[in-house]
Novice: 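To start, I am sharing the structure in question, which I have written as structure tokens.
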Amino acid sequence: MQHPAEQSPLGKSSEYVSTYSPSLLFPISRATKWNELGLTASNLPYVGVDYWNCYELSWLTASGKPVVAIGEFAIPADSPNIIESKSFKLYLNSLNQSVFSSATELERVLEQDLSATAGAPVKVRVRTLVEVEADGVAKLPGTCIDDLDVNISNYEQPQPGLLRADAGQLVEESLHSHLLKSNCPVTGQPDWGTLVVQYKGSKLEHASFLAYLVSFRQHADFHEQCVERIFLDLQKLLQPELLTVYARYVRRGGLDINPYRSTHEQPVDNRRLVRQ
């Protein structure tokens with residue numbers, strides 16, 4: 001079966017355009033992958049957002065002087081479409097030789113174009129380097145499980161059968177791991193990330209969760225779908241009162257993608273990690 005991104009610029013030689021070209025943006029429907037997970041737009045068991053951060057954002061002032069900044073884009077997790085990452089990069093590069101009167105004008109244009117492509121309102125912040133530097137590097141919550149002594153042999157596809165929990169012990173805890181890796185479903189390039197789980201429910205066996213997480217290592221899927229699959233598998237196992245799953249992926253082509261999924265609305269910390 002052809003992947004929905006096969007018709008996108010991903011994995012193909014592309015000419016870089018340096019003047020404003022919103023037509024470069026390529027939407028990919030979320031519905032195909034939702035169907036694989038047994039979801040529809042009307043029965044999503046989570047709320048959330050996909051945070052994209054651009055470290056190669058630049059444009060020209062009216063005098064012709066270049067400006068560099070960092071772009072922050074918040075795409076709703078229930079938007080009809082995701083925006084294919086290479087098309088996103090090509091679009092952002094098309095701003096390089098384009099004139100904008102201010103960062104505020106650029107934000108307006110970015111929100112207009114990205115919302116049209118995603119099919120839902122996208123929030124944009126154009127931030128100075130000084131602002132982002134002041135934010136510092138985020139410290140992850142809870143316990144890192146990466147030093148657990150675990151025997152692992154499954155790498156090709158997610159293995160929810162590896163997960164174990166103690167239904168007789170209810171806990172509230174946060175776990176994280178830097179060992180998340182999957183592959184791009186079109187190019188096969190590796191996607192490296194850090195995963196965080198915060199929950200209140202049956203106690204998750206940490207070693208089983210680490211083995212499960214590593215089973216994504218050769219799995220081919222986009223960042224958003226990997227996080228949604230992990231959320232659903234944990235929700236089924238733990239029957240939690242509260243569950244939040246998010247990943248902070250290492251940037252590629254000046255963009256990092258950070259999907260957040262949760263049973264409840266909560267503030268999102270979009271500060272970068274040391275690996276980002």
Novice: Let me confirm one number: the CD-OH distance from Q218 to Y155, rounded to the nearest 0.5 Å.
Specialist: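 Q218 CD to Y155 OH: 9.5 Å, rounded to 0.5 Å.
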Novice: Rounded to the nearest 0.5 Å, how far does SG of C226 lie from CG of L195?
Specialist: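 The distance works out to 10.0 Å.
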Novice: Strictly by modelled atom types, are Q189 and R252 linked by a side-chain donor-acceptor pair under 3.5 Å?
Specialist: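 Yes - a donor-acceptor pair under 3.5 Å links their side chains.
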Novice: Quiz question: by atom type and distance under 3.5 Å, do the side chains of Y199 and E172 form a donor-acceptor pair?
Specialist: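 No, no side-chain donor-acceptor contact under 3.5 Å.
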Novice: Which heavy atom of L204 sits nearest a heavy atom of L237, and at what distance?
Specialist: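 Looking at all heavy atoms of both residues, the shortest contact is CD1-CD2, 3.7 Å.
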Novice: Kindly compute the distance separating OG (S98) from CH2 (W59), expressed to the nearest 0.5 Å.
Specialist: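 One gets 12.0 Å once the value is rounded to the nearest 0.5 Å.
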Novice: State plainly whether the residues R127 and D135 are in salt-bridge range, i.e. N to O under 4.0 Å.
Specialist: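 So R127 pairs with D135 through a salt bridge.
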Novice: Would you please indicate if the ring centroids of F209 and H206 are separated by under 6.0 Å?
Specialist: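 Distance test on ring centres: not under 6.0 Å, no.
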Novice: Test your reading of the model: is there a side-chain donor-acceptor pair from Q159 to the backbone of G161, 3.5 Å cut-off?
Specialist: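 No, Q159 side chain to G161 backbone: no donor-acceptor pair under 3.5 Å.
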Novice: Please confirm whether the backbone N or O of N53 pairs with a side-chain atom of R272, one donor and one acceptor, at under 3.5 Å?
Specialist: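 Side chain of R272 to backbone of N53: no pair is present.
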Novice: Just by distance, with hydrogens left out, do S115 and E111 show a side-chain donor and acceptor under 3.5 Å apart?
Specialist: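 E111 and S115 do not have a side-chain donor-acceptor pair below 3.5 Å.
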Novice: Taking all non-hydrogen atoms of both residues into account, name the closest pair between A74 and Y51 and its distance.
Specialist: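 For A74 versus Y51, the nearest heavy atoms are CB-CE2, 3.7 Å.
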Novice: Step through the shown structure and confirm whether more than 12 heavy atoms of other residues, nucleotides or ligands are within 6.0 Å of CG on D147.
Specialist: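 No, CG of D147 has 12 or fewer neighbouring heavy atoms, counting only those of other groups under 6.0 Å.
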Novice: Which atoms form the tightest heavy-atom contact between V137 and R271, and what is the distance?
Specialist: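 Of all heavy-atom pairs spanning V137 and R271, the closest is O-NH1, 4.1 Å.
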Novice: Quick one: do E72 and R125 satisfy salt bridge (charged side-chain N to carboxylate O under 4.0 Å, His left out)? Show the steps, please.
Specialist: CA-CA 5 Å; E72 179 183 280; R125 288 202 299 170; 2.9 Å; yes
Novice: Judged by atom type as modelled, is there a donor-acceptor pair below 3.5 Å linking the side chain of S21 to the main-chain atoms of S23?
Specialist: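 The answer is no, because no donor-acceptor pair under 3.5 Å joins these two groups.
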Novice: Give a yes-or-no answer on whether the side chains of Y246 and N258 include a donor-acceptor pair shorter than 3.5 Å.
Specialist: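 N258 and Y246 do not have a side-chain donor-acceptor pair below 3.5 Å.
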Novice: Look at the side chain of H219 and the backbone N and O of N183, then say whether any donor-acceptor pair between them is shorter than 3.5 Å.
Specialist: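 No; zero donor-acceptor contacts below 3.5 Å.
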Novice: N81 and G119: which non-hydrogen atoms are nearest, and at how many Å?
Specialist: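 Where N81 meets G119 most closely, the heavy atoms are ND2-N, 4.4 Å.
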Novice: Going by an N to O cut-off under 4.0 Å, is there a salt bridge joining R30 and D50?
Specialist: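 A salt bridge is present here (some side-chain N lies under 4.0 Å from a carboxylate O).
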Novice: Evaluate the ring planes of F88 and F73, with Trp represented by its six-membered ring, and classify them as parallel (under 30°), tilted (30 to 60°) or perpendicular (over 60°).
Specialist: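 Aromatic pair F88/F73 classed tilted.
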Novice: Show your reasoning for whether side-chain contact (heavy atoms from CB on, under 4.5 Å) applies to T194 and S177.
Specialist: CA-CA 6 Å; T194 293; S177 171; over 6 Å; no
Novice: Side-chain contact test, heavy atoms from C-beta onward, threshold under 4.5 Å: evaluate it for S202 versus Q239 and give yes or no.
Specialist: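 Contact flag for S202/Q239 side chains = no.
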Novice: Verify whether one side chain among T32 and N35 offers a donor that lies under 3.5 Å from an acceptor in the other.
Specialist: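 No, because no side-chain N or O of T32 sits under 3.5 Å from a partner of the opposite role on N35.
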Novice: Drop me the distance from N93's CG to L24's CG, to the nearest 0.5 angstrom.
Specialist: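 So the gap between those two atoms works out to 9.5 Å.
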Novice: Could you pull out the closest heavy-atom pair between P141 and Q198, with the gap in Å?
Specialist: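 Minimum heavy-atom contact is CG-NE2, 3.7 Å.
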Novice: When rounded to the nearest 0.5 angstrom, what distance separates CD in E265 from OG1 in T244?
Specialist: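 Nearest 0.5 Å value for the CD-OG1 distance: 10.5 Å.
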Novice: Indicate whether the side chain of S42 and that of T40 have a donor and an acceptor atom separated by less than 3.5 Å.
Specialist: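 There is such a pair (donor and acceptor under 3.5 Å, judged by atom type) between the side chains of S42 and T40.
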Novice: Using the six-membered ring of Y46, assess whether NZ or CZ of R261 lies under 6.0 Å from its centre and within 45 degrees of the ring axis.
Specialist: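 Because its charged atom sits under 6.0 Å from the ring centre and within 45° of the axis, R261 does stack over Y46.
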Novice: I'd like to know if the side chain of Y260 pairs up with that of R248 as donor and acceptor (distance under 3.5 Å, no hydrogens or angles considered).
Specialist: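 Indeed, the side chains of Y260 and R248 share at least one donor-acceptor pair under 3.5 Å.
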Novice: Which residue in the set L255, L110, V126 passes side-chain contact (heavy atoms from CB on, under 4.5 Å) when paired with C54?
Specialist: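 That would be L255.
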Novice: Rounded to the nearest 0.5 Å, what separates atom OG1 in T117 from atom CD1 in I82?
Specialist: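 Going from the OG1 atom of T117 to the CD1 atom of I82 covers 12.0 Å.
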Novice: Apply side chain to side chain donor-acceptor pair (under 3.5 Å) to the pair Y20 and N96, showing each step before the final yes or no.
Specialist: CA-CA 8 Å; Y20 172 61; N96 292 347; over 6 Å; no
Novice: Heavy atoms only: give me the nearest S208-L162 pair and the separation to one decimal.
Specialist: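 Closest pair (atom of S208, atom of L162, distance): CB-O, 3.2 Å.
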Novice: Spell out, yes or no, whether W52 and V196 are grouped together once hydrophobic residues are joined by side-chain heavy atoms under 4.5 Å, including indirect joins.
Specialist: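 No; tracing contacts between hydrophobic side chains, which count when under 4.5 Å, never links both residues.
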Novice: Just wondering, more than 12 heavy atoms not from K203 lying within 6.0 Å of its NZ?
Specialist: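 Atom NZ in K203 is packed in, count exceeds 12.
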